[in-house]
Amino acid sequence: GQPRGQVRPGSSGAAVQRAPQAAGPEEAGEDAEVSTRKKTFAEVQTERLEQAERTVLIKCPPKLNEKKLLQYLSSHGNIKSHFFFENRGIHALIEFSEKNSIASLQDAIGLPSAAEYHVVPFKSRLFTFMLKNPVSQAAEETPLHLSPQSHIPVKELIEKLCHADSISSQMYILLNEYQLTDENIKLRYLVCSLVRDFARAYFPDSTVKPFGSSVNTFGKLGCDVDMFLDFHDTQKHAAKTKKGPFDMEYQMKRLPSERLATQKILSVVGDCLDNFGPGCVSVQKILNARCPLVKFSHQPTGFQCDLSVSNSIAIKSSELLYIYGCLDSRVRALVFSVRCWARVHGLTNSIPGTWITNFSLTMMVMFFLQRRSPPIIPTLDQLKELADQKDKLVIGGYDCSFVSDLSKIKCTSNTETLDVLLGDFFEYYGNFDFRRNSINLRKGKEVNKPESSPLYIWNPFEQDLNISKNVNQPQLEKFVAMARESAWILRKEQKAQQMTNKEPWGLAALLIPFGKSNSNKMKNRMKGIGSETIRNLLDSLKLNNPTNLQKAVGK
Ligand code: GTP
Ligand code: MG
């Protein structure tokens with residue numbers, strides 16, 4: 001297979017990659033011998049959703065005796081896993097082995113006293129654990145182990161990176177610090193499962209599934225939870241309609257458009273979360289957007305959530321990225337580094353605008369990896385060739401079929417190091433002819449731009465759409481400038497010298513805003529090089545004046 005050993009960091013113990021993480025991490029040991037085969041996207045989702053249904057979340061008092069809590073809960077059933085985390089107080093996530101343990105627990109739990117407030121009698125799987133006698137029930141000496149739910153600040157990360165022995169190791173350290181943990185993934189699926197409980201009040205067959213970076217292997221700690229309501233119980237209905245000489249169908253309310261139905265459904269589910277959802281705050285219905293959604297903040301888990309209604313194309317995009325992320329360990333390492341780099345330099349932003357989105361940026365990394373020689377990941381057309389009957393899928397007239405079984409995809413023979421790939425990524429996009437060419441992951445080729453958007457990335461499934469239509473010329477120019485500067489820093493770098501001077505080097509040097517602490521160094525480098533182009537480039541960065549780059553990016 002792909003020579004994972006070669007791309008792993010060498011001596012740096014901290015950077016050992018949790019390779020199976022993306023494919024659904026297992027509790028240590030338990031499933032280890034079952035199979036090393038990577039699970040399909042659908043398998044991971046089914047497994048995780050089922051696990052979430054056996055899970056409860058308990059707010060705990062500050063001084064807690066872990067053993068006693070577990071003992072108390074065990075009287076309702078076997079506890080399969082648990083962990084604690086801090087989020088406006090201590091919380092415990094408890095996964096039971098059996099779903100019916102939760103019903104047993106719920107039967108034994110009391111309602112909050114309604115002295116001050118009137119409580120809405122909706123019983124969820126969020127509980128508060130209290131000590132009747134805090135003094136005698138106080139905790140033992142051993143403090144609780146709290147599982148972190150956010151990543152370290154960039155400043156701390158940079159310090160860690162300086163101790164690594166290669167850029168490749170630095171990239172794996174970043175990946176390990178930022179990627180979602182098994183615990184965090186459990187919390188994400190739990191939120192979906194809790195929202196599903198509300199949706200089922202109206203639609204008993206519905207499910208709520210996560211998509212986007214929570215599931216596509218590129219999520220970092222702290223990213224939002226994108227989830228959608230799914231009503232497609234297709235298998236069940238297909239089986240029923242075939243039997244017998246008669247046909248029966250449900251009488252259902254008919255609406256003039258799917259969009260209107262989506263808006264009505266989201267409106268009531270949004271109201272329900274707003275009025276009755278424990279811990280659901282800042283509920284915002286954004287029903288007139290291109291893709292209508294309900295935004296809310298889930299306080300017990302601390303997640304910002306975006307709820308929409310089943311969007312098959314977005315799910316296929318998540319699955320495609322999942323496959324790419326699982327194929328080779330370098331893929332996720334490169335994406336995490338590039339995303340972090342882009343965030344530091346203000347190329348991406350959490351608020352929507354004219355900047356590049358993380359989604360577009362990830363697609364740009366995928367395209368770059370398709371363009372390597374030999375390619376590190378296959379094109380979408382190649383994945384389509386490998387699809388079998390059950391993978392066939394047409395959505396809205398677009399063929400969205402591609403292989404779901406990862407073991408059918410041949411591993412790459414490319415053995416380039418991440419040191420090379422990171423530098424070449426910046427060089428590739430620093431010199432890309434954005435004026436003429438577009439990025440097409442289906443073909444894995446640069447093709448002529450079909451229209452004049454500054455940045456054109458083909459939607460892999462809806463072939464006439466540009467996923468980066470929002471990006472304007474100044475933002476693209478800034479991206480190119482930053483890419484060039486970064487390529488230059490990596491090329492010129494004298495690692496040994498910088499390491500002895502304890503200066504940030506390699507990836508660390510790229511994660512410091514260029515305008516600030518680097519400006520003196522940049523001037524020094526300019527003296528040495530004396531290149532007119534670089535001088536212009538630096539001036540343009542300093543003055544925030546993109547004219548010098550306009551030629552390159554085509555204005
Ligand atoms: P984060 O920044 O980590 O949240 O990445 P993300 O991939 O989750 O992005 P985001 O939350 O903005 O969007 C969620 C999902 O919606 C993405 O993964 C895509 O599947 C889809 N999506 C987002 N933006 C676009 C777009 O412009 N076009 C299309 N076709 N899909 C998009
Ligand atoms: Mg997201």
Side-chain angles (χ1 to χ4, degrees), residues 22 41 45 150-151 174-175 178-180 184-185 187-189 191-192 208-230 286 289-298 301 303-325 331-332 335-344 346-366 380 395-396 398 400 402 438-442 453-472 475:
F41 182 72
Q45 282 227 318
S150 57
H151 60 75
L174 186 147
L175 175 65
Y178 275 39
Q179 72 182 344
L180 302 182
N184 194 267
I185 294 172
L187 277 173
R188 285 168 188 271
Y189 276 89
V191 178
C192 293
V208 173
K209 293 179 183 163
F211 70 103
S213 61
S214 296
V215 296
N216 68 15
T217 76
F218 298 109
K220 73 166 189 190
L221 288 169
C223 72
D224 66 353
V225 183
D226 304 290
M227 53 176 95
F228 67 89
L229 263 162
D230 195 10
I286 308 170
R290 193 178 53 82
C291 176
L293 79 159
V294 172
K295 269 186 179 294
F296 65 95
S297 160
H298 191 255
T301 53
F303 290 132
Q304 175 61 46
C305 305
D306 281 0
L307 173 70
S308 50
V309 168
S310 186
N311 176 347
S312 321
I313 300 267
I315 300 152
K316 280 319 249 186
S317 306
S318 300
E319 177 171 1
L320 178 65
L321 289 179
Y322 169 86
I323 288 177
Y324 284 145
V331 177
R332 295 173 66 236
V335 169
F336 273 75
S337 290
V338 169
R339 279 187 173 203
C340 184
W341 165 85
R343 191 73 186 84
V344 163
L347 296 168
T348 52
N349 200 306
S350 54
I351 33 176
T354 55
W355 24 78
I356 301 175
T357 61
N358 270 336
F359 182 61
S360 292
L361 198 56
T362 308
M363 292 299 191
M364 289 172 86
V365 177
M366 295 308 127
L380 183 50
I395 304 170
Y398 295 104
C400 300
F402 60 86
S438 63
I439 292 167
N440 187 318
L441 282 100
R442 184 165 279 283
S453 300
L455 175 61
Y456 198 105
I457 305 173
W458 297 74
N459 181 319
F461 301 110
E462 292 165 288
Q463 278 284 300
D464 40 11
L465 295 180
N466 173 12
I467 64 163
S468 52
K469 209 179 170 63
N470 63 311
V471 178
N472 66 12
Q475 284 302 320

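We count ligands from 1, going down the list as the structure has it; atoms in each ligand are counted the same way. Keep in mind that this is a model prediction, so the values were computed, not measured. Each residue takes its place number in the sequence, starting with 1. Computed over heavy atoms, backbone and side chain alike; hydrogens, waters and symmetry mates excluded.
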Query raised in the report: Would T354 and N470 count as a side-chain contact (heavy atoms from CB on, under 4.5 Å) if you check the C-alpha gap in whole Å, the side-chain angles of each, and the deciding distance to 0.1 Å?
Result: CA-CA 5 Å; T354 55; N470 63 311; 5.9 Å; no
Report summary line: Within the 4.0 Å heavy-atom cut-off, what F218 brings close to ligand 1 is neither
Query raised in the report: Would you say K220 touches ligand 1, if touching means a heavy atom closer than 4.0 Å?
Result: no
Query raised in the report: So, does G219 sit close enough to ligand 1 that a heavy atom of it is under 4.0 Å from the ligand?
Result: no
Requested in this report: Return the orientation label for the F336 and F218 ring planes: parallel under 30°, perpendicular over 60°, tilted otherwise.
Outcome: tilted
Query raised in the report: When you measure from atom 30 (N) of ligand 1 to every protein heavy atom, which one gives the shortest distance, and what is it?
Result: N459 ND2, 3.1 Å
Requested in this report: Measure from the side-chain N and O atoms of S468 to the backbone N and O of L455, and report whether any donor-acceptor pair falls under 3.5 Å.
Outcome: yes
Query raised in the report: Donor-acceptor pair, N466 side chain versus I457 backbone, under 3.5 Å?
Result: yes
Report summary line: the protein heavy atom lying closest to atom 7 (O) of ligand 1 turns out to be S213 N, 3.7 Å
**Report entry** Pairwise distance CG(N472) to CD(Q475) - rounded to 0.5 angstrom
**Finding:** 5.5 Å
**Report entry** Shortest protein heavy-atom distance from atom 28 (N) of ligand 1, along with the residue and atom involved
**Finding:** I467 CG2, 3.8 Å
Query - S317 N/O under 3.5 Å from ligand 1 N/O - result: no
Query raised in the report: For atom 12 (O) of ligand 1, is the nearest protein heavy atom closer than 4.0 Å?
Result: no
Query - Partner of F41 by ring pair (Phe, Tyr, Trp, His ring centres under 6.0 Å), out of Y324, F402, Y322 - result: Y322
Requested in this report: Please test T362 against R339 for side-chain contact (heavy atoms from CB on, under 4.5 Å), starting from the C-alpha separation and ending with a verdict.
Outcome: CA-CA 8 Å; T362 308; R339 279 187 173 203; 2.9 Å; yes
Query raised in the report: Looking at ligand 1, does any of its N/O atoms fall within less than 3.5 Å of an N/O of R290?
Result: no
Query raised in the report: Just by modelled atom types, is the S360 backbone N or O under 3.5 Å from a matching donor or acceptor in the T357 side chain?
Result: yes
Query - Whether T357 lies under 4.0 Å from ligand 1, heavy atom - result: no
Query raised in the report: Of V225, D230, D224, which meets side chain to side chain contact (heavy atoms under 4.5 Å, CB included) against M227?
Result: V225
Report summary line: Closest to atom 15 (C) of ligand 1 among protein heavy atoms sits F211 CE1, 3.5 Å
Query - Worked check of side-chain contact (heavy atoms from CB on, under 4.5 Å) between I395 and K316 - result: CA-CA 10 Å; I395 304 170; K316 280 319 249 186; 4.1 Å; yes
Requested in this report: Restricting to N/O/S, name the atom of D224 that gets closest to the Mg ion (ligand 2).
Outcome: OD1
Query raised in the report: Considering only protein heavy atoms, which is closest to atom 17 (C) of ligand 1, and at what distance to one decimal place?
Result: F359 CD1, 3.8 Å
Report task. Provide, to 0.1 Å, the distance between atom 18 (O) of ligand 1 and the closest protein heavy atom, together with that atom's residue and name. Result -> G212 CA, 3.3 Å
Query raised in the report: Is the closest N or O pair between D224 and ligand 1 shorter than 3.5 Å?
Result: yes
Report task. Check whether any N, O or S atom of D226, backbone or side chain, sits closer than 2.8 Å to the Mg ion (ligand 2). Result -> yes
**Report entry** Atoms of ligand 1 close to C223 [distance to a heavy atom under 4.0 angstrom, numbered from 1]
**Finding:** 3 (O)
Query raised in the report: Polar-atom distance check: D226 versus ligand 1, any N or O pair below 3.5 Å?
Result: yes
Query raised in the report: Side chain of Q45, backbone of F211: donor and acceptor closer than 3.5 Å?
Result: no
Query raised in the report: Got a protein heavy atom sitting under 4.0 Å from atom 1 (P) of ligand 1?
Result: yes
Query raised in the report: Would you say the ring centroid of H298 lies under 6.0 angstrom from that of F303?
Result: no
Requested in this report: Could you tell me whether R339 approaches ligand 1 through its side chain, its backbone, both or neither, with non-hydrogen atoms closer than 4.0 Å?
Outcome: side chain
